[in-house]
Protein chains: 2
Amino acid sequence: MDLKSLSQRLGLSMTTVSRALNGYEEVSEATRTRVMEAARENGYRPNPVARRLALGRAEAIGVVIPNPPGDFADPFFIELLAGMGSVFEAASLDLIVTAAPEGPAELPVYRRLVEGRRVDGLIVGRTRRHDERIEYLLDRDFPFVVHGRTTTSRPYAYLDMDNAQAFVTATERLIGLGHRRIALINAPAHLAFAAGRHDGYERALGAAAIAVDPSLVVVCDLSEQDGHRIALSLLDLPRPPTGILCANDTTALGAMRAVKSRGLVVGRDVSIIGYDDLPFAGHTDPPLTTMHQPIRPAGARIAEMLRARMSGTPPEELQEVWRPKLLLRGTDGPCTTAGGTAR
Amino acid sequence: MDLKSLSQRLGLSMTTVSRALNGYEEVSEATRTRVMEAARENGYRPNPVARRLALGRAEAIGVVIPNPPGDFADPFFIELLAGMGSVFEAASLDLIVTAAPEGPAELPVYRRLVEGRRVDGLIVGRTRRHDERIEYLLDRDFPFVVHGRTTTSRPYAYLDMDNAQAFVTATERLIGLGHRRIALINAPAHLAFAAGRHDGYERALGAAAIAVDPSLVVVCDLSEQDGHRIALSLLDLPRPPTGILCANDTTALGAMRAVKSRGLVVGRDVSIIGYDDLPFAGHTDPPLTTMHQPIRPAGARIAEMLRARMSGTPPEELQEVWRPKLLLRGTDGPCTTAGGTAR
DNA sequence: TACTATCTTCAAAGCGCTTTGAGAGTCAAT
DNA sequence: ATTGACTCTCAAAGCGCTTTGAAGATAGTA
């Protein structure tokens with residue numbers, strides 16, 4: 001059933017039927033209801049492709065999921081997708097998902113989407129401190145929303161977590177528990193959120209008049225293995241930390257394994273705080289104290305922001321920072337070591 | 001740069017340029033290279049929407065991710081997406097992702113994709129024993145590939161894991177370690193793979209002449225919580241099991257927690273085997289023995305199968321069953337209890 | 001030279017929708 | 001009656017591509 005046969009059946013022109021269906025003023029109420037009814041009865045669905053051609057829009061949104069070639073892709077991405085999905089579905093926008101590894105193959109994927117007119121808007125995730133994807137999109141004045149933040153002089157729309165605040169909170173928690181030697185296992189410096197976390201960590205230490213010990217600040221590739229390796233090296237320090245802040249839950253898992261393998265007890269000898277609150281976090285042994293962020297709502301909000309951006313809202317009005325919440329579970333505890341050193 | 005201006009610039013008709021670009025025979029080699037070159041120089045990309053309208057295809061594939069309203073969506077789905085992504089990208093097919101919870105809202109999402117001509121093919125996951133999505137697609141003769149299997153009299157394309165074989169293997173492993181009281185925490189019966197797993201379990205027990213004890217076969221909703229609850233009830237049995245086979249790794253996590261909370265040691269007092277090999281599985285304490293399946297390659301293969309199906313390969317030729325591998329880690333061990341009972 | 005066979009190229013007709021610019025019909029005011 | 005102001009409806013022109021059916025150019029044969 002296409003527009004033509006529907007309008008013939010109704011004895012109306014295609015124009016009138018199309019207008020009735022799309023809510024134009026110039027159609028009388030009577031004809032409109034008549035048309036709507038007939039459309040429903042005949043199961044008429046406008047051909048989206050024809051519609052797009054006429055409108056000159058793609059009626060689609062693009063997301064590129066960053067998948068490290070070897071690793072598992074970040075599981076939280078699917079939650080973000082689910083959150084966005086509901087909003088786009090309601091707006092009958094298609095959500096086009098592509099996978100690309102970080103690196104030289106990444107930008108071409110974005111170009112294909114943008115220059116090939118396959119999408120009307122993009123969502124950018126796993127943001128880097130300097131991010132050429134964002135520069136590219138800004139250059140072309142293409143609508144997009146970033147999950148995270150980057151460094152650029154031009155305004156852009158984003159929804160970010162307050163990483164600095166999160167790590168102030170986490171650090172303060174450990175300080176409040178009596179810890180003085182607190183390590184930070186951070187993400188690689190090129191990722192945007194790493195800087196904020198480092199800031200928060202130093203700020204909280206400063207406020208408590210604790211000197212920053214550079215040997216306690218280390219970078220990890222976000223894998224469990226690397227978290228394990230790095231935590232071991234921290235524990236082998238002459239004066240090892242009694243608390244460890246981790247870049248994410250996966251890293252925290254590795255750190256826990258390291259602590260246990262040294263015969264120490266997590267949450268007693270060494271406190272650990274993660275970040276993300278992945279599904280497994282409540283179920284480790286002991287359950288992981290971590291920073292929780294509402295991922296699905298964030299996805300939904302990002303989708304709404306993108307819709308606003310696409311209909312002309314200036315990027316300055318589309319900038320939000322959400323605060324993760326500290327979720328106390330079992331891996332943090334009072335510092336039990338005199339002098340603030342484990343063992 | 002559109003086809004018209006490109007052909008004008010070349011002094012050729014749109015027909016010839018279009019044909020040259022799309023590899024038709026009727027164009028001389030000389031013109032073809034001339035056209036190709038000009039297209040590249042001018043950065044010409046055919047408008048996909050116009051192309052689709054003319055061709056009458058959507059050039060897109062649909063996937064619906066099943067997201068339980070409350071829970072985290074299954075993390076392995078993103079791996080499947082990543083696997084499919086590369087294949088579709090190469091074929092320049094768009095991958096359209098929608099989220100829908102299992103239930104009454106699910107089929108309408110499929111109908112919208114199919115009847116709204118938004119996709120040329122679909123991938124169906126989280127297959128149910130009786131699956132109305134599959135019946136619907138078969139009724140309409142719409143191309144699709146199933147991840148899993150279902151019960152229907154009509155042939156359809158699928159890639160499934162050999163669940164029966166997997167659970168034969170897992171069960172035999174425990175039997176080989178001396179276990180006699182082996183529990184099965186299975187998935188809800190309406191999910192397709194549950195039956196196969198139950199079969200495999202019983203088959204292996206039968207082969208070892210061990211009677212099936214119905215009180216050792218229980219159903220779980222696949223969450224950690226439920227796995228924990230059910231494992232506790234198993235351990236409270238008059239004659240508790242010494243080995244537990246779990247429907248998935250998440251359930252296994254819950255079971256491990258239950259065992260520990262009873263003061264028992266996982267892998268010594270009670271052996272546990274999971275299924276999926278999720279990223280965390282190697283990093284639990286002790287590391288989880290589980291069944292591994294190559295998810296990303298499976299996604300890629302499913303994508304290829306769908307392309308074949310869309311170009312006419314009969315479904316009978318597109319049916320594959322892959323064998324998961326048993327990954328021995330630390331949660332299985334010899335039965336230490338005389339009489340085959342824990343404690 | 002005329003005529004057919006073969007190779008290249010083209011103009012024009014869709015694909016199914018939206019939208020422009022204009023034409024009918026209605027009614028109150030002149 | 002005439003005019004103007006609305007209200008409702010329509011035919012036709014795109015949107016940018018593919019493809020059909022036909023024609024022009026070139027070469028081969030009689």
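Below, chains carry the letters A, B, ... as their sequence lines are ordered, and counting in each starts from 1. As a basis for the values below, the full set of heavy atoms in this structure was taken, side chains included, without hydrogen atoms, waters or symmetry mates.
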**Study point:** Rounded interatomic separation in angstrom, taking CZ from A/Arg57 and P from C/dG16
**Key:** 21 Å
**Study point:** Side chain of B/Thr31 - closest among D/dT19, C/dT9, C/dC17
**Key:** C/dT9
Exercise for review: Could you check whether the rings of A/His147 and A/Phe76 sit parallel, tilted or perpendicular, using 30° and 60° as the cut-offs?
Suggested key: perpendicular
Review point. How close or far is atom P of C/dG14 from atom CG of A/Asp2, stated in whole angstroms?
Key: 14 Å
Review point. Do the side-chain N or O atoms of A/Tyr24 get closer than 4.0 angstrom to the phosphate oxygens (OP1, OP2) of C/dT19?
Key: yes
Exercise for review: Inspect the surroundings of CZ in B/Arg301 and state if more than 12 heavy atoms from other residues, nucleotides or ligands are less than 6.0 Å away.
Suggested key: yes
Point to revise | d(CZ, B/Arg52; C1', C/dG16) in whole Å | key: 16 Å
Point to revise | Any donor-acceptor N/O pair, B/Arg296 side chain to B/Gly83 backbone, under 3.5 Å | key: no
Study note, to complete from the structure: Per atom distances to the B/Glu26 side chain, the nearest of C/dT8, D/dT9, C/dT18 is C/dT8
Revision key, fill the gap. By nearest-nucleotide position on DNA chain C, the 5'-leaning member of B/Glu25 and B/Ala54 is B/Glu25
Point to revise | A/Arg118 CZ to D/dC17 P, straight-line distance once rounded to whole Å | key: 12 Å
Review point. D/dT7 P sits how many Å from A/Arg32 CZ, rounded?
Key: 14 Å
Check your understanding: Given that B/Val17 and B/Leu53 both sit by DNA chain C, which one's nearest nucleotide is further toward the 5' end?
Key -> B/Val17
**Study point:** Taking every non-hydrogen atom, the tightest pair across B/Gly148 and B/Asp160
**Key:** CA-OD1, 3.3 Å
Check your understanding: Any idea which of C/dC10, C/dG16, D/dC17 is nearest the B/Leu3 side chain?
Key -> D/dC17
Check your understanding: Between atom OH in A/Tyr44 and atom P in C/dG16, what is the gap in whole Å?
Key -> 11 Å
Check your understanding: At under 4.0 Å, does any side-chain N or O of B/Ser13 touch on OP1 or OP2 of C/dC10?
Key -> yes
Check your understanding: Do B/Tyr158 and B/Tyr156 have ring centres separated by under 6.0 Å?
Key -> yes
**Study point:** Whole-Å distance separating the CG atom of A/Leu12 from the P atom of C/dA24
**Key:** 18 Å
Check your understanding: Side chains of A/Arg154 and A/Asp139: closer than 4.5 Å at any heavy-atom pair?
Key -> yes
Practice item. Give A/Ser18 one of three labels, base, sugar-phosphate or nothing, depending on what nucleic acid heavy atoms sit under 4.0 Å from its own. Key: base
Review point. Of the nucleotides C/dC17, D/dG16, C/dT19, which one has an atom closest to the side chain of A/Arg51?
Key: C/dC17
Practice item. Let me know the distance between CE of B/Met14 and C1' of C/dA11, rounded to the nearest Å. Key: 11 Å
Practice item. Select one nucleotide: of D/dG16, D/dC8, C/dT18, the one nearest the side-chain heavy atoms of A/Ser28. Key: D/dC8
Practice item. When you get a sec, tell me which of C/dT19, D/dT9, C/dC17 is the closest nucleotide to the side chain of A/Leu55? Key: C/dT19
Check your understanding: From the list D/dC10, D/dG16, C/dC10, which nucleotide is the closest neighbour of the side chain of B/Thr15?
Key -> C/dC10
Practice item. With the side chain of B/Asn47 defined as its heavy atoms from C-beta on, choose the nearest nucleotide among C/dT9, D/dA12, D/dC17. Key: D/dC17
